[in-house]
Amino acid sequence: DELPANVTELFSKFSDYYLDKWDATKGLSSQYKYEQVKNIMGFIAYEMQSQYKSQISSKDLKDCLKKIGSTHSIDELKDVDAYIQQLKDRDTLLSYDSHNDVFHFAGGAFQEYFTSIYYDDSTQEELLGYAYNDWWQNVIVFYNGRSPKRTVFVKKLMRNPIPPDGKSLYNHMHLLSKCLQAAHMMPNDVKKAGILNIIDAFEYFYKTIFIPIENGQTIAYAWNTLDVILQFRKLFETLF
């Protein structure tokens, strides 16, 4: 009956539903099983995301699950073949395409959400390295939304060296803006620092983009002054 606080909470509620977290007939033991299944989904999503794929073959999935079972004590993976068959039968968040013998998440956003579950304090430096990669941006936003009070990642993102090109600056502004919204319980001083960081990046972005325009090096050379103002105003409104 109430609106989720951020996009991560929204996807978390969907996942709770599809993974039967609130099935009253299963008792308290289902909570333990639910956490295991959710983390398995995180490992699978990470395997796909790290290989820049939106699907995984049955063979690769089996190898992935065996690897997880060898390094983690997870009851669900004592019989990998049976678990894969269970995934095929259930066909909800992780769907099976029998024609191509591949699995895929029910939408790219669920793959990104479950990938964010894979990460924690010990591995977030790897995630920070993907800050200006389009493929990873939503994963980072989901990750920050999981702990909306924590400031660690956002502070590191603000200190992260930004490659001096327009694309990276653009990605930095959008990513930091989304992270500030996702981590909505951060202290006001961190939020303010984040906003000032975006403003600085916006000014630098404007100068970085405008010089090639003046030199006739981009298609925007044909823009008049009003076109430039309107385009950057649109970007500013999107960010703030």
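Screening N171, L157, N160, I195 against L176 for a side chain to side chain contact (heavy atoms under 4.5 Å, CB included) leaves a single residue, L157. F103 pairs with exactly one of I44, D97, I84 by the side chain to side chain contact (heavy atoms under 4.5 Å, CB included) rule, that one being I84. Across K67, K66, K59, a single residue satisfies salt bridge (charged side-chain N to carboxylate O under 4.0 Å, His left out) together with D63, and that is K59.
Taking 4.5 Å as the limit, every side-chain heavy atom of F43 sits out of range of all side-chain heavy atoms of L65. Side-chain contact check for T151 versus P187: some heavy-atom pair is nearer than 4.5 Å. V141 has its side chain out of reach of Q181: every pair of non-hydrogen atoms, C-beta onward, lies at least 4.5 Å apart. Using a 4.5 Å cut-off on side-chain heavy atoms (C-beta onward), H174 and L235 make contact.
For S57, the side chain to side chain donor-acceptor pair (under 3.5 Å) test picks out D60, with sequence neighbours left out.
Contact check on D120 versus R146 returns no salt bridge, with no Lys/Arg side-chain nitrogen under 4.0 Å from an Asp/Glu carboxylate oxygen.
With hydrogens and angles left out, the side-chain atoms of N133 and Y52 include a donor and acceptor closer than 3.5 Å. Judged by distance alone, the side chains of E112 and Q49 never bring a donor and an acceptor atom under 3.5 Å apart. Residues Y113 and N138 bring no donor and acceptor atom of their side chains to less than 3.5 Å of each other. Y119 and E126 share a side-chain donor-acceptor pair at under 3.5 Å.
Annotation: Y170, atom OH; neighbour count of heavy atoms from other residues, nucleotides and ligands within 6.0 Å does not exceed 12. Other residues, nucleotides and ligands place no more than 12 heavy atoms under 6.0 Å from the OH atom of Y204.
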